Undergrad: 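Input: one structure, supplied below.
Residue numbers count from 1 along this sequence. Here the structure is a predicted model, which means the values were calculated and not measured.
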Amino acid sequence: PLKNVLKEKSLLFDYLDVGYFQKQDSVSIESITSVASSIMDLIPKGKMDDSQKNFVVHMRGSDYCPDDRLTENVILNINNHCYKHSLSIAFITDDKVFCESLSKNIACKYKVISESPLSDFSKLVHAHDLFVSNSSFSFWAASCRSIINEKEIFSSKSWPWSYFLKSKFL
């Protein structure tokens, strides 16, 4: 496990700084799986919410390019999907203001969660149903999730990483 490797090398940290890559030719599916497995050694075990079934949506805001952010149209599609399947929505975000501005017309029950990066990441990994944003944070959470949950992920049509992680467009 990664924690043991870190201790043996007397490193001063117990985390991986996992970034992004520009194109699919830069990395293999096997290496992504290997990194995701190592990340899984570091995140808390558990589930997001045992009391209700949530459709978890990663909504990145703050420093993200406006063209890659979720749009009102995508949020409407998520709402329609959740309403049809009687699901509550849990938005995991780093920008509550942006999230609230897009979710004001949602008919489904929802909550907005913005905690520590580790806690938010863990919630994405353990989500029953997951909608990813176009971010490396979301990509790595979905990669980890695929190790413990074979359910498909959901995304907008602009999801750039379907070569590595197949998604159902909403």
Undergrad: With sequence neighbours excluded, tell me which residues meet side chain to side chain donor-acceptor pair (under 3.5 Å) with S31.
TA: S28
Undergrad: Return the set of residues passing side chain to side chain donor-acceptor pair (under 3.5 Å) with S155 (not counting sequence neighbours), or none when no residue passes.
TA: S167
Undergrad: Do V57 and I89 come close enough that some side-chain heavy atom pair is under 4.5 Å?
TA: yes
Undergrad: Can the ring centroids of F154 and F169 be said to lie less than 6.0 angstrom from one another?
TA: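 F154 vs F169: aromatic centres not under 6.0 Å.
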Undergrad: Hey, does I92 have a side-chain heavy atom less than 4.5 Å from the side chain of S114?
TA: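 The answer is no; the side chains never approach within 4.5 Å.
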Undergrad: Might you work through the side-chain contact (heavy atoms from CB on, under 4.5 Å) test for L170 and S156, ending with a clear yes or no?
TA: CA-CA 6 Å; L170 287 185; S156 67; over 6 Å; no
Undergrad: Who are the ring pair (Phe, Tyr, Trp, His ring centres under 6.0 Å) partners of F137, not counting sequence neighbours?
TA: H58, F121
Undergrad: I'd like to check the side chain to side chain contact (heavy atoms under 4.5 Å, CB included) partners of T33; sequence neighbours left out, ordered by chain and number.
TA: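 Applying side chain to side chain contact (heavy atoms under 4.5 Å, CB included) to T33 gives I29, S37.
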Undergrad: Please set out all donor-acceptor pairs under 3.5 angstrom arising from side-chain atoms of residues 75-83, sequence neighbours excluded.
TA:
unit_1: N79; atom_1: OD1; unit_2: A107; atom_2: N; d: 3.0
unit_1: N79; atom_1: OD1; unit_2: C108; atom_2: N; d: 3.2
unit_1: N80; atom_1: ND2; unit_2: L76; atom_2: O; d: 3.4

Undergrad: Could you pull out the closest heavy-atom pair between A36 and W140, with the gap in Å?
TA: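 Of all heavy-atom pairs spanning A36 and W140, the closest is N-CZ3, 4.2 Å.
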Undergrad: With the side chain counted from C-beta on, respond yes when F55 and F91 share a heavy-atom pair under 4.5 Å apart, and no when they do not.
TA: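 Side-chain contact under 4.5 Å: no.
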Undergrad: Rounded to the nearest 0.5 Å, what separation is found between the CD atom of E72 and the CD1 atom of I106?
TA: 10.5 Å
Undergrad: Might you point out which heavy atoms bring A141 and V125 nearest each other, and give the distance in Å?
TA: O-CG2, 3.7 Å
Undergrad: Whether the side chain of S138 engages the backbone of S133 through a donor-acceptor N/O pair (distance < 3.5 Å, no angle test) should be reported.
TA: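 Yes.
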Undergrad: Is there a donor-acceptor pair closer than 3.5 Å between any side-chain N or O of S122 and the backbone N or O of L118?
TA: no
Undergrad: Applying side chain to side chain contact (heavy atoms under 4.5 Å, CB included), can you list everything that pairs with K166, at least two apart in sequence or on another chain?
TA: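 Here no residue qualifies.
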Undergrad: Quick one: CD1 on I153 to CZ on F131, what's the gap to the nearest 0.5 Å?
TA: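 With rounding to 0.5 Å, CD1 (I153) is 9.5 Å from CZ (F131).
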Undergrad: For E115, give me all partners under side chain to side chain donor-acceptor pair (under 3.5 Å), at least two apart in sequence or on another chain.
TA: S119, K123
Undergrad: Distance check, rounded to the nearest 0.5 Å: L130 atom CG versus L165 atom CG?
TA: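 These two atoms lie 9.5 Å from each other.
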Undergrad: Quick one: does N54's side chain have a donor or acceptor within less than 3.5 Å of a partner on V56's backbone?
TA: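 Checked: no pair found.
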Undergrad: Roughly how far, to the nearest 0.5 Å, is OG of S146 from CE of M40?
TA: 9.0 Å
Undergrad: Given side chains that start at C-beta, do those of W159 and V132 come closer than 4.5 Å, heavy atoms only?
TA: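 Yes; the side chains approach each other to less than 4.5 Å.
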Undergrad: What pairs with T71 under side chain to side chain contact (heavy atoms under 4.5 Å, CB included), at least two apart in sequence or on another chain?
TA: N73, V74
Undergrad: What distance do K151 atom NZ and I148 atom CD1 have between them, rounded to the nearest 0.5 Å?
TA: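 CD1 of I148 is found 13.0 Å from NZ of K151.
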Undergrad: Please list, chain by chain and in numerical order, all residues satisfying side chain to side chain contact (heavy atoms under 4.5 Å, CB included) with S34, sequence neighbours excluded.
TA: none
Undergrad: With the threshold set at 4.0 Å, does a side-chain nitrogen-carboxylate oxygen contact exist between R60 and D95?
TA: no
Undergrad: To the nearest 0.5 Å, what is the distance between CD1 on I32 and CH2 on W161?
TA: 8.0 Å
